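Take a look at the structure below.
Convention: sequence-line order gives letters A, B, ...; per-chain numbering from 1. Given the structure is predicted, the values throughout are model-derived calculations rather than measurements.
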Amino acid sequence: MTNNHVRISQLKDHIGSEVLLKGWVYQNRSSGKLIFIVIRDGSGLCQCVIEKTSFNPEIFDQLSRLGQESSMMISGLVRAEPRSIGGYELAATDAAIVCPTTDYPITPKSHGIDFLMKHRHLHLRSQRQWCIGKVRHTVIDAIRRFFNDNGFTLIDTPIFTTIAGEGEQTLFEVDYFGRPLHLAQTGQLYLESAAMAYGKVYCFGPTFRAEKSKTRRHLTEFWMVEPEVAYIDLPGLLEIAENFVSSIAARVLADNRAELEFLGADIPSLEKIKPPFVRLTYTQAVEILTGPRTQEFLAKQLQEFQAQRKNMEDKIAELEALVAGQSSKQWQKDKAAAEIIDLRTELEELNARIENNPKHAVLAADFRWGKDLGGSDETIISLMHDKPVFVTHYPKDAKAFYMRTDRTNDKVVENFDCLAPAGFGEIIGGSVREDEYDRLIERIKHEGYNPEGYDWYLDLRKYGSVPHGGFGLGVERTVAWLTGEKHIRQCIAFPRMMDKVVI
RNA sequence: UCCCCGAUAGCUCAAUCGGUAGAGCGAGCGGCUGUUAACCGCUAGGUCCUAGGUUCGAAUCCUAGUCGGGGAGCCA
């Protein structure tokens with residue numbers, strides 16, 4: 001057996017040579033005198049072809065019954081083969097089994113989310129998870145690249161913190177040698193002081209929120225990157241944010257096209273992610289939501305859903321007739337039965353959307369200026385645009401104390417949310433910070449906080465205060481949006497959800 | 001915290017009106033020289049979530065509980 005160990009991702013450079021692959025059995029099909037083993041090595045997949053006539057009979061026999069996820073090494077000649085996954089194939093000449101496996105729990109058939117979460121340590125090996133992990137890696141690298149290339153300095157802010165960024169009820173409290181502290185839900189306040197030292201800074205790390213939110217957009221532990229810039233206004237922040245998000249999308253398109261294709265991501269729509277993004281004020285967003293455009297949009301959406309439901313129901317009826325009839329072979333019936341199960345699941349999701357549509361219409365129509373935008377409102381706005389949307393200038397009362405009051409309209413603050421397109425929703429929240437001492441202390445008191453707890457934060461408004469601001473981008477939400485993944489729990493290796501920490 | 005849905009083989013799901021438990025995959029054995037979630041034959045595999053109740057009879061109906069999924073509020 002050759003010692004020329006090559007990773008599958010590098011096979012293109014070794015066509016015609018003898019190489020050694022080290023990995024795990026992803027799929028094994030034996031056909032009497034021929035075995036196809038798809039091997040997985042962490043860098044990709046490669047089909048190995050093992051012919052009985054040119055192989056040690058004992059090893060051939062062992063290989064023919066080798067279970068999924070057995071670890072093995074296999075050597076042979078690399079050749080281009082368009083029929084094969086990845087485009088290359090190994091004509092195997094020798095193999096060694098490292099650890100045979102039987103009864104691997106995650107089979108090539110479908111599994112429920114609960115089962116997969118309980119087997120998360122194994123699920124990471126699955127192709128879908130692997131692709132998401134690769135995209136996440138690129139997203140994180142692109143985030144660091146963007147800030148490092150644009151003059152930002154990394155500041156690591158503490159995880160044990162003494163002050164809250166926003167609402168106090170959403171913090172995890174920890175016992176810090178008898179003193180109550182909590183886990184960071186933002187690095188922003190610390191970052192503001194660093195921005196006065198370095199001009200442009202960012203922090204990047206895990207963030208903790210004790211929100212009792214059981215939705216596809218929430219984790220209790222997630223990763224967030226937060227830039228903070230001195231001497232900047234709201235238009236300046238929006239410009240950074242749109243360049244930033246566009247650079248992430250471009251990097252993922254460049255580095256992970258194969259993964260995006262496997263995941264079924266909407267690549268053409270990602271290619272549209274370029275500055276400028278759409279800019280709406282909160283007031284304009286409210287006008288859209290309460291206006292005829294939204295009602296028409298939702299009515300049209302409902303019609304589309306209903307047409308889809310009709311199609312699905314017809315298809316299910318057709319397949320059910322096939323299963324009940326006499327004319328088909330058993331395997332055709334089995335296949336149809338499996339398809340019925342999939343369609344029923346889809347139908348259930350569609351029914352939920354049909355049920356929610358009128359509720360969302362009412363929520364949007366009844367929206368009153370002053371409330372924060374709800375999840376469904378954000379979804380509607382983002383579905384109406386094929387680029388990310390900035391919504392700016394929210395009502396002051398709905399937002400955090402540190403956001404800068406608009407000097408031309410003191411009912412609103414200079415903040416913004418960035419809504420990803422296709423209905424995914426918010427991926428960025430940010431603002432210009434209140435830089436006047438008197439206004440800030442007034443806001444702190446108005447919120448009922450004790451100004452003493454904010455002494456050092458208020459100092460920043462005493463000693464050379466300047467207009468400044470920043471934003472936070474959620475990594476898992478960004479990955480979910482880019483990959484088309486519905487739930488962000490798939491976008492982090494070991495998710496922490498409300499009331500649920502499996503591994 | 002509130003609303004909706006669900007729990008049947010290792011996994012994904014069936015089971016008509018309440019009549020005594022089925023299929024695919026996976027596992028084991030056999031067959032097949034180009035398979036793509038391969039295919040064909042055979043074998044093993046069940047405390048129908050738990051506790052009560054209705055009934056001659058409950059996977060199926062009722063009550064309570066447990067666990068899970070989806071959504072709302074809130075947010076990245």
Please classify the nucleic acid contact of Arg128(A) as base, sugar-phosphate, or nothing, using heavy-atom distances under 4.0 Å.
nothing

The nucleotide from rU33(B), rA76(B), rC75(B) with an atom nearest the side chain of Lys33(A) is rU33(B)

- When rounded to the nearest Å, what value does the distance between C1' atoms of rU20(B) and rG46(B) take? 14 Å

*asked:* Glu211(A) vs Gln185(A), test: side chain to side chain contact (heavy atoms under 4.5 Å, CB included). Steps then yes/no.
replied: CA-CA 11 Å; Glu211(A) 289 156 7; Gln185(A) 62 160 201; 5.6 Å; no

Notebook entry, point to check: What interatomic distance, in whole Å, is found between P of rC11(B) and the corresponding atom of rA72(B)?
Noted result: 30 Å

Across the strands shown, which category fits Glu89(A) at heavy-atom distances under 4.0 angstrom: base, sugar-phosphate, nothing? base

Take atom P in rU47(B) and the same atom in rA59(B), then report the distance between them in whole Å.
-> 14 Å

Per atom distances to the Ser110(A) side chain, the nearest of rC75(B), rU12(B), rA38(B) is rU12(B)

Pro108(A) has its side chain closest, among rA37(B), rA76(B), rG34(B), to rA37(B)

Tell me what Thr102(A) touches on the nucleic acid: a base, only sugar-phosphate, or nothing, going by heavy atoms under 4.0 Å.
-> sugar-phosphate

Which of Thr138(A), Val139(A), Ile140(A) passes side chain to side chain contact (heavy atoms under 4.5 Å, CB included) with Arg136(A)? Answer is Ile140(A)

Notebook entry, point to check: Say you pick atom P in rC74(B) and the same atom in rA37(B); how far apart are they, in whole Å?
Noted result: 44 Å

Worksheet item: If you look at every strand shown and take non-hydrogen atoms under 4.0 Å, does Ile106(A) touch a base, only sugar-phosphate, or nothing?
Response: nothing

Exercise. Hey, does Phe115(A) reach any base, or is it just sugar-phosphate, or nothing, if we go heavy atoms under 4.0 Å?
Worked result: sugar-phosphate

Looking at every strand, decide which applies to Ser30(A) at a 4.0 Å heavy-atom threshold: base, sugar-phosphate, or nothing. base

What's Asp372(A) touching, base or sugar-phosphate or nothing? Going by heavy atoms closer than 4.0 Å.
sugar-phosphate

- With a 3.5 Å cut-off and just heavy-atom distances, do the side chain of Arg217(A) and the base of rC74(B) make a donor-acceptor pair? no

inquiry  = Counting the atoms with a prime plus P, OP1 and OP2 as sugar-phosphate, which does Lys359(A) contact under 4.0 Å by heavy atoms, base, sugar-phosphate, or nothing?
reply    = nothing

Point to revise | Distance-only donor-acceptor test, Glu51(A) side-chain atoms vs rG34(B) base atoms, 3.5 Å | key: no

inquiry  = I'd like the C1' distance from rG71(B) over to rC29(B), given in whole Å.
reply    = 49 Å

- Please work out if Gln127(A) contacts a base, only the sugar-phosphate, or nothing of the nucleic acid, heavy-atom cut-off 4.0 Å. nothing

Would you say the base of rU36(B) and the side-chain of Gln47(A) have a donor-acceptor pair closer than 3.5 Å? no

Inset, instruction - Assign His487(A) to base, sugar-phosphate, or nothing according to its heavy-atom contacts below 4.0 angstrom with the strands shown. - result: sugar-phosphate

Regarding the side chain of Lys109(A), the nearest nucleotide among rC75(B), rG24(B), rG70(B) is rG24(B)

Quiz prompt | Arg65(A) side chain near rA27(B) phosphate (N/O to OP1/OP2, under 4.0 Å) | solution = no

Q) If you measure from the C1' atom in rU66(B) to the same atom in rG24(B), how many Å do you get, rounded? A) 30 Å

field: Criterion salt bridge (charged side-chain N to carboxylate O under 4.0 Å, His left out) on Arg489(A) and Glu476(A), from CA distance to verdict
entry: CA-CA 8 Å; Arg489(A) 68 187 156 204; Glu476(A) 292 77 15; over 6 Å; no

Picking from rG28(B), rG68(B), rA38(B), the nucleotide nearest the side-chain atoms of Asp114(A) would be rG68(B)

Say we look at rG22(B) and rA9(B): how far apart would their P atoms be, to the nearest angstrom? 15 Å

On the side chain of Arg489(A), is there an atom forming a donor-acceptor pair with the base of rG69(B) - under 3.5 Å, no angle test? no

* Which is true for Ile427(A) with a 4.0 Å heavy-atom rule: it touches a base, it touches only sugar-phosphate, or it touches nothing? -> sugar-phosphate

task: Select base, sugar-phosphate, or nothing to describe what Thr53(A) touches, counting heavy atoms under 4.0 Å on all strands.
output: base

Closest to the side chain of Phe36(A), out of rU12(B), rU35(B), rA76(B), is rU35(B)

Discussion item. Given the structure, check if the side chain of His111(A) and the base of rC11(B) hold any donor-acceptor pair shorter than 3.5 Å.
Written reply: no

Exercise for review: State whether Arg29(A) places a side-chain N or O below 4.0 Å from either non-bridging phosphate oxygen (OP1 or OP2) of rC32(B).
Suggested key: no

Closest of rA76(B), rA27(B), rU35(B) to the Glu211(A) side chain is rA76(B)

Using only atom types and a distance under 3.5 Å, with no angle test, would you say the side chain of Thr220(A) pairs donor to acceptor with the backbone of Arg496(A)?
yes

Under 4.0 Å, counting only non-hydrogen atoms across every strand here, what does Gly112(A) touch: a base, just sugar-phosphate, or nothing? sugar-phosphate

Taking Arg477(A) for its side chain and Arg217(A) for its backbone only, find out whether a donor-acceptor pair lies under 3.5 Å. yes

So what does Arg216(A) hit on the nucleic acid, given a heavy-atom distance under 4.0 Å: a base, only sugar-phosphate, or nothing? sugar-phosphate

Of the candidates rC32(B), rA76(B), rA38(B), the side chain of Phe222(A) sits closest to rA76(B)

Ignoring hydrogens and geometry, is there a side-chain-to-backbone donor-acceptor pair from Arg443(A) to Tyr402(A) under 3.5 Å? no

Closest of rG34(B), rC74(B), rG69(B) to the Lys214(A) side chain is rG69(B)

